[in-house]
Amino acid sequence: MQVNVSGLKDIKEGEEVVLNGWLQEIRILKNISFIVLRDHTGTIQITSKPGLTTGYDVLSQMTRETVISVSGNLTRKTQSKSGVEVIAKSIEVLNASKSPLPLGIIDPVSADIETRLTNRFLDLRKPEVAMIFRIESELLWGMRQFFHDSDFVEVHTPKIVAAATEGGADLFPVQYFEKQAYLNQSPQLYKEMLISAGLNRVFEVGPAFRAEKHNTPRHLNEFTSIDIEMGFADHNDAMLMLQEGIKSGIRHLIAHRQEYIASLSQRIDVPEGDFPKITYRDCITKLESQGEIAKFGEDFTPEQLKIIGGEFQGFYFITEWPSSLRAFYTHPKPGDEKVSNSFDLQYREFEITSGAQRVHDPAMLEERLRSKNLNPEDFSFYLNAFRYGMPPHAGWGLGLERLSLIMLNLQNIREAILFPRDRTRITP
RNA sequence: GCCCCGGUAGUGUAGUGGCCUAUCAUACGGGCCUGUCGAGCCCGUGACUCGGGUCCAAAUCCCGGCCGGGGCGCCA
């Protein structure tokens with residue numbers, strides 16, 4: 001019977017099993033040999049002896065990470081520390097591995113992130129590395145379910161676009177036949193058009209591209225953005241949806257994959273209660289009381305965000321950002337138009353999400369475009385959607401890799417994406 | 001865009017002008033070992049990012065290229 005390593009717990013003493021996987025370690029002694037076989041569920045010791053095992057004589061030629069198929073009998077009457085092993089009847093090589101490995105899977109010496117990324121297929125064989133993506137998958141699944149259950153439609157908008165989302169530079173140009181096009185930095189404009197289209201609530205999980213030449217542990221040039229937009233809603237509705245979306249993702253992870261959580265060195269809990277909120281102005285007051293120079297209309301430095309983040313446990317919102325700091329589509333706060341109905345979701349010094357109530361009045365939108373030195377004519381495909389009945393609406397965009405980064409306490413965002421696109425890397 | 005730091009065996013490192021015929025670990029190859037499990041012990045293979053320059057002498061100093069890490073800006 002073919003089983004995974006994790007399935008061995010249900011196998012009776014002496015029963016014959018077939019295991020497929022990678023040869024993680026091999027130790028050949030004079031009259032007995034041990035192999036540690038690894039599959040995607042775990043590792044198991046395979047014991048073989050001359051005369052008992054077909055293929056014993058070629059064991060000494062087997063290299064680490066060779067793909068093998070083992071058949072044998074499970075026994076728990078073993079001296080192995082794991083308390084269970086398989087006595088091999090036969091060991092077959094399905095595909096040999098070259099040696100030496102460019103990156104050891106279980107070596108005591110750790111490799112640099114660069115070496116790991118250029119050999120990512122080997123790096124990902126480490127269970128703790130693969131676990132990042134298993135957890136990310138579960139978090140995302142839980143969030144997807146939440147949005148579906150909350151009447152959102154999952155959509156897919158173009159990644160090749162004609163105009164800049166927010167008018168700025170920092171886009172990757174692409175040649176689109178005879179036209180100049182760009183990789184989209186955000187699905188923002190399309191999400192909003194779908195509100196005019198009457199879909200009412202949309203969400204999208206997809207790539208976003210930023211041509212910023214940054215080289216930091218928290219930026220990628222291609223990342224995965226979880227975006228939502230909701231009609232007949234404001235920034236407070238959007239914040240609630242964000243809070244509940246994240247909670248649902250974590251709740252799903254905990255409910256369905258306790259074994260993942262157990263393998264981690266840190267705890268993951270569903271945050272209790274509402275995420276606290278602090279206004280931009282209150283942040284400034286707080287910083288000034290600590291001797292920091294923080295001027296209205298300027299973004300916080302990473303150092304300042306550490307100070308603010310130190311006031312909160314886990315997630316918190318910074319709300320009411322100056323209108324001058326936000327994109328043109330951000331709705332001003334009625335009666336206090338220097339600030340906006342906007343928010344960032346933060347975790348310590350990390351910005352996870354940016355969102356807002358959006359401008360829905362076409363005249364105000366044009367004015368806002370002009371105030372940002374953008375030409376409304378360049379946005380006519382977008383502005384048209386506002387001229388024939390656009391509901392008030394709000395939404396946000398969340399960086400999936402940043403969410404993984406903070407949930408798993410990773411030191412570098414490149415850890416949270418399979419094949420990072422950073423300042424210089426376009427392979428693998 | 002600005003600034004800082006780095007590149008030595010497959011991997012990770014030591015080394016700051018002569019003592020380097022380059023350290024150590026791990027990996028790899030061979031040997032010993034009836035049960036290992038971070039196996040152990042013995043032997044061995046294996047490296048100074050590239051191109052110029054300074055100097056009697058360069059892994060080490062200088063210039064440039066390439067590659068990488070980080071800080072700021074900007075942002076998810």
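Order of the sequence lines sets the chain letters (A, B, ...), proteins ahead of strands, with each chain counted from 1.
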(request) Kindly compute the distance separating CD1 (A:Ile68) from CG (A:Leu23), expressed to the nearest 0.5 Å. (result) 4.5 Å
(request) Using the test salt bridge (Lys or Arg N to Asp or Glu O under 4.0 Å), find all partners of A:Glu15 that sit at least two apart in sequence or belong to another chain. (result) none
(request) Mind listing the residues from residues 126-145 of chain A sitting with a heavy atom below 4.0 Å of RNA chain B? Number order is fine. (result) none
(message) Check A:Lys191 with A:Asp227, please: is the shortest side-chain N to carboxylate O separation under 4.0 Å?
(response) yes
(message) Looking at A:Arg414, I'd like to know whether one of its side-chain N or O atoms comes within less than 4.0 Å of OP1 or OP2 on B:G69.
(response) yes
(message) Using a heavy-atom cut-off of 4.0 Å across all strands, would you classify A:Leu403 as base, sugar-phosphate, or nothing?
(response) nothing
(message) Just N and O in the side chain of A:Arg64: are any of them under 4.0 Å from OP1 or OP2 of B:C28?
(response) yes
(message) Please list, in numerical order, the residues of residues 298-316 of chain A that have a heavy atom closer than 4.0 Å to any atom of RNA chain B.
(response) A:Asp299, A:Thr301, A:Pro302
(request) Please work out if A:Glu212 contacts a base, only the sugar-phosphate, or nothing of the nucleic acid, heavy-atom cut-off 4.0 Å. (result) base
(request) For residues 96-109 of chain A, pull every pair meeting side-chain hydrogen bond (donor to acceptor under 3.5 Å, both in side chains), keeping only residues two or more places apart or in separate chains. (result) A:Arg64-A:Asp107
(request) Count the heavy atoms of every other residue, nucleotide or ligand shown that sit under 6.0 Å from CD of A:Gln175, and state whether that count exceeds 12. (result) yes
(request) Could you please name the partner base of B:G68, counting Watson-Crick and G-U wobble pairs only when both distances are under 3.5 Å? (result) B:C5
(request) Kindly state whether the ring of A:His331 and the ring of A:His360 have centres lying under 6.0 angstrom apart. (result) yes
(request) Give a yes-or-no answer on whether the side chains of A:Ser71 and A:Ser90 include a donor-acceptor pair shorter than 3.5 Å. (result) yes
(request) Using Watson-Crick or G-U wobble geometry with both distances below 3.5 Å, tell me the partner of B:G40, or none. (result) B:C32
(message) If I take atom CG in residue A:Leu325 and atom P in nucleotide B:C74, what distance separates them, rounded to the nearest angstrom?
(response) 9 Å
For residues 144-154 of chain A, which side-chain N or O atoms pair as donor and acceptor with protein atoms under 3.5 Å away, sequence neighbours left out?
unit_1	atom_1	unit_2	atom_2	d
A:Arg144	NE	A:Glu154	OE1	3.1
A:Arg144	NE	A:Glu154	OE2	3.1
A:Arg144	NH2	A:Glu154	OE2	2.8
A:Ser150	OG	A:Phe146	O	2.8

(message) Which residues pass the salt bridge (Lys or Arg N to Asp or Glu O under 4.0 Å) test with A:Glu351, not counting sequence neighbours?
(response) none
(message) Between the side chains of A:Lys247 and A:Asp274, is the shortest nitrogen-to-carboxylate-oxygen separation below 4.0 Å, so that they form an ion pair?
(response) no
(message) Centroid separation under 6.0 Å, is that true for the rings of A:Phe296 and A:Tyr280?
(response) yes
(request) Please confirm whether any donor atom in the side chain of A:His219 sits under 3.5 Å from an acceptor in the base of B:C74, or the reverse. (result) yes
(message) Rounding to an integer number of Å, can you tell me how far A:Tyr56 OH sits from B:U34 P?
(response) 12 Å
(request) Write down the distance between CG (A:Leu101) and P (B:G10), rounded to a whole number of angstrom. (result) 14 Å
(request) For A:Ile228 and B:A76, give me the distance from atom CD1 to atom P, rounded to whole Å. (result) 15 Å
(request) Give a yes or no on this: more than 12 heavy atoms of other residues, nucleotides or ligands lie within 6.0 Å of atom NZ of A:Lys89. (result) no
Identify each donor-acceptor pair in which a side-chain atom of residues 305-313 of chain A lies under 3.5 Å from a protein atom, sequence neighbours left out, and give them as a table.
unit_1	atom_1	unit_2	atom_2	d
A:Glu311	OE1	A:Lys286	NZ	3.2

(message) Please name the nucleotide paired to B:G17 by Watson-Crick or G-U wobble geometry with both distances under 3.5 Å, or report none.
(response) none
(request) With sequence neighbours left out, write down each residue that passes salt bridge (Lys or Arg N to Asp or Glu O under 4.0 Å) with A:Glu259, or none if nothing qualifies. (result) A:Arg257
(message) B:C75, OP1 or OP2 - any side-chain N/O from A:Ser354 closer than 4.0 Å?
(response) no
What nitrogen or oxygen pairs link the protein and nucleotides 3-9 of chain B at under 3.5 Å?
none

(request) Using a 4.5 Å cut-off on heavy atoms from C-beta on, say whether the side chain of A:Arg425 contacts that of A:Thr118. (result) yes
(message) Can you tell me the base-pairing partner of B:U11? Count Watson-Crick or G-U wobble geometry only, both distances below 3.5 Å, and say none if there is no partner.
(response) B:A25
(request) Look at the side chain of A:Ser263 and the backbone N and O of A:Tyr260, then say whether any donor-acceptor pair between them is shorter than 3.5 Å. (result) yes
(request) At under 4.0 Å between heavy atoms, which parts of nucleotides 35-47 of chain B does protein reach? Answer with one letter per nucleotide, 5' to 3': B base, S sugar-phosphate only, - none. (result) BBBBB--------
Can you pull every protein N or O that's under 3.5 Å from an N or O on nucleotides 12-14 of chain B?
unit_1	atom_1	unit_2	atom_2	d
B:G12	OP1	A:Asp112	N	2.9
B:G12	OP1	A:Thr115	OG1	2.6

(message) Does B:G70 have its OP1 or OP2 closer than 4.0 Å to a side-chain nitrogen or oxygen of A:Asn412?
(response) yes
(message) My understanding is that only residues two or more places apart in sequence, or in another chain, count here; which of them pass salt bridge (Lys or Arg N to Asp or Glu O under 4.0 Å) with A:Arg402?
(response) none
